[in-house]
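In what follows, a single structure is set out as structure tokens and then discussed.
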Amino acid sequence: GYMFSRIEEEHLWECKQLGAYSPIVLLNTLLFFNTKYFQLKNVTEHLKLSFAHVMRRTRTLKYSTKMTYLRFFPPLQKQESEPDKLTVGKRKRNEDDEVPVGVEMAENTDNPLRCPVRLYEFYLSKCSESVKQRNDVFYLQPERSCVPNSPMWYSTFPIDPGTLDTMLTRILMVREVHEELAHEELAKAKSEDSDVELS
């Protein structure tokens, strides 16, 4: 049930709705990248993200060139501790299980100003040291009084889920995000079909 989408990603970069121009634009950009590349489609999935679960990694490609990327390791589900919910909430649990195991997004070396890795590192540089190892928060509330050249852009409090939902609704209308998610759904459906044939 997706809406047909006409907003193009390029337009959002050009009109400064994506980038590192302000705390809220930077949050919007991280939300955009995490939706597009980590395939997080709703607020519940986004709230599973945390500083402790997003790692910066480097791998060596051929000709010894190095590629940096961000990898998201979803937290393990605590299903065993709730045996009474297992039978009743079976459908709900399967939805939770759909967060892929370790997804990643590569750096953009052609355009550093649009690079997910660099923008994430810039985000970290504008957060308090105390939050950087936390495993329960990723999107932080912007500081009320900050200006672009303030050393700190974010408080240590998570952003309100309602605000996140509003931001996410706009992001899901971007054509490239829509296409990426639809492409993933198709790939998943194909792999499920082949599982059925095998069993």
Positive for side-chain contact (heavy atoms from CB on, under 4.5 Å) with T35, one of E180, H46, K41: H46

Over 12 non-hydrogen atoms of neighbours within 6.0 angstrom of CZ in R170: no

Heavy-atom pair with the smallest gap, counting every atom of F51 and L140: CZ-CD1, 3.9 Å

Heavy-atom closest contact (L119 atom, L113 atom, distance): CD1-O, 3.7 Å

Heavy-atom pair of closest approach, residues C127 and Y154: SG-CD1, 4.0 Å

Q17 backbone acceptor or donor facing N28 side chain under 3.5 Å: yes

Any pair counted as side chain to side chain donor-acceptor pair (under 3.5 Å), so long as it reaches residues 111-121, sequence neighbours left out: E10-R114, R56-E121

Salt bridge (Lys or Arg N to Asp or Glu O under 4.0 Å) contacts in which one or both residues fall within residues 138-161, not counting sequence neighbours: none

Minimum side-chain heavy-atom gap T109-C115 below 4.5 Å: no

Interatomic distance, L181 atom CG to L172 atom CG [nearest 0.5 angstrom]: 6.5 Å

Atom of T156, atom of R134 and distance for their closest heavy-atom approach: O-NH1, 3.2 Å

Side chain proximity check, E9 to E179, heavy atoms < 4.5 angstrom: no

Which atom of A106 lies closest to which atom of M67, heavy atoms considered: CB-SD, 3.9 Å

Distance, nearest 0.5 Å, that separates CG of L70 from CG of L30: 9.0 Å

Side chain S155, main chain F157, donor-acceptor under 3.5 Å: yes

Criterion side-chain contact (heavy atoms from CB on, under 4.5 Å) on L47 and V43, from CA distance to verdict: CA-CA 6 Å; L47 290 175; V43 171; 3.7 Å; yes

Side chains of T68 and R57 in contact at under 4.5 Å (non-hydrogen atoms): no

Residue pair E45 / N34, side-chain heavy-atom distance below 4.5 Å: no

Contact summary for P158 and Q141, nearest pair of heavy atoms: O-OE1, 3.6 Å

Test ring-ring contact (aromatic ring centres under 6.0 Å, His included) applied to W153 and F122, Y21, Y123, the passing residue: F122

Distance, nearest 0.5 Å, that separates CD of E176 from CG of L12: 8.5 Å

Euclidean distance, T169 OG1 relative to L164 CG, rounded to 0.5 Å: 9.5 Å

From CA spacing to verdict: side-chain contact (heavy atoms from CB on, under 4.5 Å), L31, F138: CA-CA 10 Å; L31 193 70; F138 184 86; over 6 Å; no

Test log, rule side-chain contact (heavy atoms from CB on, under 4.5 Å), inputs R71 and V103: CA-CA 6 Å; R71 192 165 172 85; V103 281; over 6 Å; no

K66-T58 side chain donor-acceptor pair, cut-off 3.5 Å: no

Counterpart residues, side-chain hydrogen bond (donor to acceptor under 3.5 Å, both in side chains), relative to S50 (two or more places apart): H53

Note, F33 side chain near M105 side chain (heavy atom, < 4.5 Å): yes

Rounded distance (nearest 0.5 Å) linking atom CG of L124 with atom NZ of K132: 6.0 Å

side-chain contact (heavy atoms from CB on, under 4.5 Å) evaluation trace for H178 with K36: CA-CA 8 Å; H178 175 85; K36 184 177 177 181; over 6 Å; no

Test item: T163 side-chain N/O and I159 main-chain N/O as donor-acceptor pair under 3.5 Å: no

Separation of C146 SG from M152 CE (nearest 0.5 Å): 11.0 Å

Sole candidate of F32, Y69, F72 that passes ring-ring contact (aromatic ring centres under 6.0 Å, His included) when paired with F38: F72

